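To start, the structure itself, in structure tokens.
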Amino acid sequence: MRLSRSLLPTLKETPAEAQIVSHRLMLRAGLVRQTASGIYAWLPAGYRVLDNIARIVRAEQDAAGAQELLMPTIQSADLWRESGRYDGYGKEMLRIQDRHERELLYGPTNEEMITDLFRQSVHSYRALPQIVYHIQWKFRDEVRPRFGVMRGREFLMKDAYSFDIDHEGAVVSYRRMMLAYMRTFQRLGLRAIPMAADTGPIGGDLSHEFIILAPTGESQVFYDAAFEDIDYTSGDFDIRSPDDLARFYAQMTTPYAATDEKHDPERWAKIDPARRREGRGIEVGHIFYFGTKYSRPLNFTVTGAGGQKIHPEMGSYGIGVSRLVAAVIEASHDAAGIIWPDAIAPFRAAILNLKPGDAACDALSETLYARLGNDALYDDREERAGVKFADADLLGHPWQIIIGPRGAASGRVELKRRADGAREEVSLEAALAKILGA
RNA sequence: CGGGGCGUGGCGCAGUCUGGUUAGCGCGCGUGUUUUGGGUACACGAGGCCGCCGGUUCGAAUCCGGCCGCCCCGACCA
């Protein structure tokens with residue numbers, strides 16, 4: 001994108017409503033704008049990040065064998081009456097009426113709907129197991145939205161649903177999703193810790209939440225360094241192998257990990273002090289196994305091998321995609337602005353033309369822009385160098401290619417790495433190699 | 001939902017208590033000069049039914065009533 005023609009409204013001052021650092025930076029960097037309490041528009045740069053995160057989430061879901069589909073945001077109240085949750089869910093659910101006064105709702109989650117879809121079409125044990133997912137906007141009418149997209153009312157969520165013939169199968173699905181989650185978070189550049197959790201309104205008896213570490217996180221977390229020693233993306237665990245998943249699951253659930261509410265100082269004290277890790281965390285995912293909680297009331301059965309009717313065992317698995325944008329910023333920023341991990345940055349590099357109008361600067365900048373294309377944000381504005389530096393730092397591009405009249409005359413540019421501030425003067429080709437190779 | 005607060009050019013704010021010139025300031029925006037590697041400086045300029053509706057008054061951003069929106073603390077939550 002050419003910055004001079006972009007909807008990328010950076011702010012020098014922080015809007016009064018923003019309290020936490022991710023909210024402030026998202027507004028200042030022109031990523032989002034609030035349109036109503038807890039509801040945000042995603043501007044081009046913010047939407048790129050959202051989309052990059054969704055792409056990684058999608059890739060890992062696909063790799064785990066989950067099928068992507070897309071369910072509607074508006075649901076009929078009837079289905080929720082069948083499961084008994086229509087009244088149970090409370091004021092958090094946004095209820096609406098159409099012109100015929102039929103009762104509808106903006107979905108906060110999709111267990112009922114996916115179960116309905118399965119009961120319409122899946123009738124034999126031979127069609128199971130299956131896992132399906134979608135990445136879709138949800139609405140929960142929070143009493144008090146706050147912290148920007150961290151706790152908005154409308155949010156983008158990846159939710160997956162597993163259907164198995166029996167408990168053993170459901171456990172394998174559960175572990176499979178857990179591994180997919182650890183891989184996803186690692187690819188996003190985050191350290192995530194799975195922690196045993198309460199099941200809340202989704203229900204069920206087995207649940208983990210995924211906490212990512214960020215200095216400004218909402219809760220205190222304690223965990224064993226064992227979690228840091230594992231490379232989840234390595235070939236160490238075959239996500240298709242139940243045995244590998246069992247081994248993986250043991251590694252996830254044996255070492256100590258707890259949020260402050262569940263912290264057990266006695267157990268904690270027994271851990272080798274060198275292996276104790278403590279920090280702040282933000283919940284970015286939650287997985288549940290809940291058996292037949294929905295298949296029974298919605299009367300979803302398949303025929304088993306012996307001709308008997310079986311209520312499939314289900315689980316559901318959520319990742320807060322829009323929340324992750326804020327969570328990553330909480331985990332990765334400094335006084336000047338955001339520091340995007342390479343994998344999700346809105347632009348891989350910013351091209352800072354310090355002197356538009358200077359023939360050498362323009363030529364170098366245009367060449368770089370042509371080579372990097374959509375991966376680059378070309379700052380071609382007639383602005384002071386300082387303004388461009390400040391905006392580039394704020395936006396947090398992993399790389400900045402700084403083109404000034406001094407170096408440009410001899411075909412050299414300065415390459416700056418946002419994460420550590422390292423700079424070097426290199427040729428255009430060397431800069432490209434470094435950026436594209438990273 | 002309980003408690004508190006705020007709504008004044010795009011953003012951040014002053015003015016409101018103690019009604020009364022043309023409603024200010026900083027940033028941003030436009031033009032010009034300047035500057036030319038870390039939010040430069042100067043000049044000129046554009047931009048506001050002071051959240052909305054009603055009331056009191058000779059006169060309302062300012063007082064009164066109602067409504068709407070937003071934020072903060074608490075309880076609740078991906």
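These numbers come from a predicted model, not from an experiment. To find a chain, count down the sequence lines: A is the first, B the second, and so on, and within it residues start at 1.
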Original post:
G90(A) near the nucleic acid: base, sugar-phosphate alone, or nothing, with a heavy-atom cut-off under 4.0 Å?
Top reply: nothing
Original post:
NA contact type, R423(A), heavy-atom cut-off 4.0 Å: base, sugar-phosphate, or nothing?
Top reply: base
**OP:** Would you mind classifying the nucleic acid contact of R33(A) as base, sugar-phosphate or nothing, using non-hydrogen atoms under 4.0 angstrom?
**Re:** nothing
Original post:
Which nucleotide in the list G39(B), C77(B), C72(B) gets nearest to the side chain of R146(A)?
Top reply: C72(B)
Subject >> Atom-to-atom span, CG of L11(A) to C1' of C29(B) - whole angstrom >> reply: 13 Å
Original post:
Under a 4.0 Å N-O cut-off, is there an ion pair linking D62(A) with R58(A)?
Top reply: no
**OP:** Nearest 0.5 Å please: distance from the CE atom of M113(A) over to the CE atom of M71(A).
**Re:** 7.0 Å
**OP:** For E283(A), report the nucleic acid contact type (base, sugar-phosphate, nothing); a contact means any heavy atom under 4.0 Å.
**Re:** sugar-phosphate
Original post:
Looking for any heavy atom pair under 4.0 Å, which part of the strands does A16(A) touch: base, sugar-phosphate only, or nothing?
Top reply: sugar-phosphate
**OP:** Give a yes or no on whether a salt bridge exists between R151(A) and E142(A), defined as a side-chain N under 4.0 angstrom from a carboxylate O.
**Re:** no
Subject >> U34(B) versus A41(B) - spacing of their C1' atoms, nearest Å >> reply: 7 Å
Subject >> Distance between C1' atoms of C44(B) and C58(B) (Å, rounded) >> reply: 39 Å
**OP:** Between G66(B) and A75(B), how far apart are the C1' atoms? Round to whole Å, please.
**Re:** 30 Å
Subject >> Whole-Å C1' distance, G45(B) and G7(B) >> reply: 29 Å
Original post:
Counting only side-chain N and O atoms of K12(A), is one of them less than 4.0 Å from OP1 or OP2 of G28(B)?
Top reply: yes
Original post:
Are the charged groups of E111(A) and K293(A) less than 4.0 angstrom apart, N to O?
Top reply: no
**OP:** Would you mind telling me which residue lines up with the more 5' stretch of RNA chain B, E142(A) or A18(A), judged by nearest nucleotide?
**Re:** A18(A)
Subject >> Side chain R151(A) and base C77(B) donor-acceptor under 3.5 Å >> reply: yes
**OP:** May I ask which nucleotide in the shown strands pairs with G26(B), Watson-Crick or G-U wobble, both distances under 3.5 Å?
**Re:** C11(B)
**OP:** Starting from C1' on A78(B), measure out to CD on E218(A) and report it in whole angstrom.
**Re:** 10 Å
Original post:
Reckon Q19(A) touches a base, only the sugar-phosphate, or nothing at all at heavy-atom distances under 4.0 Å?
Top reply: sugar-phosphate
**OP:** Assign E13(A) to base, sugar-phosphate, or nothing according to its heavy-atom contacts below 4.0 angstrom with the strands shown.
**Re:** base
Original post:
Reckon I402(A) touches a base, only the sugar-phosphate, or nothing at all at heavy-atom distances under 4.0 Å?
Top reply: base
Original post:
Can you tell me how far P of G32(B) sits from CD of E382(A), to the nearest Å?
Top reply: 11 Å
**OP:** Name the nucleic acid region contacted by K416(A), choosing base, sugar-phosphate or nothing; use a 4.0 angstrom heavy-atom cut-off, strictly under.
**Re:** base
Grab the N/O contacts between the protein and nucleotides 1-9 of chain B below 3.5 Å, and write none if there aren't any.
none

**OP:** Would you mind classifying the nucleic acid contact of G404(A) as base, sugar-phosphate or nothing, using non-hydrogen atoms under 4.0 angstrom?
**Re:** base
Subject >> Cationic tip of R95(A) above Y86(A) ring, under 6.0 Å, 45° of axis >> reply: yes
Subject >> Watson-Crick or G-U counterpart of G69(B), or none if no pair lies under 3.5 Å >> reply: C6(B)
Subject >> Interatomic distance where CG belongs to L43(A) and P belongs to C11(B) [whole Å] >> reply: 14 Å
**OP:** Could you walk me through whether Y174(A) and Y289(A) pass ring-ring contact (aromatic ring centres under 6.0 Å, His included), step by step?
**Re:** CA-CA 7 Å; Y174(A) 185 88; Y289(A) 160 70; 7.1 Å; no
Original post:
Would you say a side-chain N or O of T14(A) is under 4.0 Å from OP1 or OP2 of C11(B)?
Top reply: no
Original post:
Would E366(A) and R2(A) pass as an ion pair if we require N to O under 4.0 Å?
Top reply: yes
For nucleotides 34-36 of chain B, print each protein N/O atom paired with a nucleotide N/O atom at under 3.5 Å, atom names and distance only.
unit_1: U35(B); atom_1: O2'; unit_2: R384(A); atom_2: NH1; d: 3.4
unit_1: U35(B); atom_1: O2; unit_2: R384(A); atom_2: NH1; d: 2.6

Subject >> Separation of S4(A) OG from E382(A) CD (nearest 0.5 Å) >> reply: 9.0 Å
Original post:
Taking the same atom, P, in C6(B) and in G51(B), what whole-Å distance lies between them?
Top reply: 13 Å
Original post:
Hey, does D159(A) reach any base, or is it just sugar-phosphate, or nothing, if we go heavy atoms under 4.0 Å?
Top reply: nothing
Original post:
By centroid distance (under 5.5 Å) and plane angle (under 30°), are F389(A) and G39(B) in a stacked arrangement?
Top reply: no
Subject >> Pair E112(A) + R81(A): basic N to acidic O under 4.0 Å >> reply: no
Original post:
U35(B) and G20(B): how far apart are their C1' atoms, nearest whole angstrom?
Top reply: 46 Å
Original post:
Salt bridge or not for E414(A) and R423(A), using N-O below 4.0 Å?
Top reply: yes
Original post:
Is the Lys NZ or Arg CZ of R417(A) less than 6.0 Å from the centre of W399(A)'s six-membered ring, within 45° of the axis?
Top reply: yes
Original post:
OP1 or OP2 of C71(B) less than 4.0 angstrom from a side-chain nitrogen or oxygen of Q34(A), does that happen here?
Top reply: yes
Original post:
If the C1' atom of A23(B) is compared with that of U40(B), how far apart are they to the nearest Å?
Top reply: 30 Å
Original post:
Atom OH of Y40(A) to atom C1' of C70(B): distance rounded to whole Å?
Top reply: 10 Å
Original post:
Taking the same atom, C1', in G32(B) and in C50(B), what whole-Å distance lies between them?
Top reply: 33 Å
Subject >> Base paired to C1(B) (Watson-Crick or G-U; both N/O distances under 3.5 angstrom) >> reply: G74(B)
Original post:
Can you tell me how far P of C72(B) sits from CZ of F147(A), to the nearest Å?
Top reply: 7 Å
Subject >> Protein-nucleotide distance (L27(A), atom CG; C71(B), atom C1'), rounded to Å >> reply: 13 Å
Original post:
Do R267(A) and D224(A) meet the salt-bridge criterion of a basic N to acidic O distance under 4.0 Å?
Top reply: no
Original post:
Going by atom types alone, do Q97(A) and R102(A) pair a side-chain donor with an acceptor below 3.5 Å?
Top reply: no
Original post:
Which sits closer to the 5' end of RNA chain B, R28(A) or G38(A), going by the nucleotide each is nearest to?
Top reply: R28(A)
**OP:** Return the value, rounded to whole Å, for the distance between atom CD1 of I20(A) and atom P of C73(B).
**Re:** 11 Å
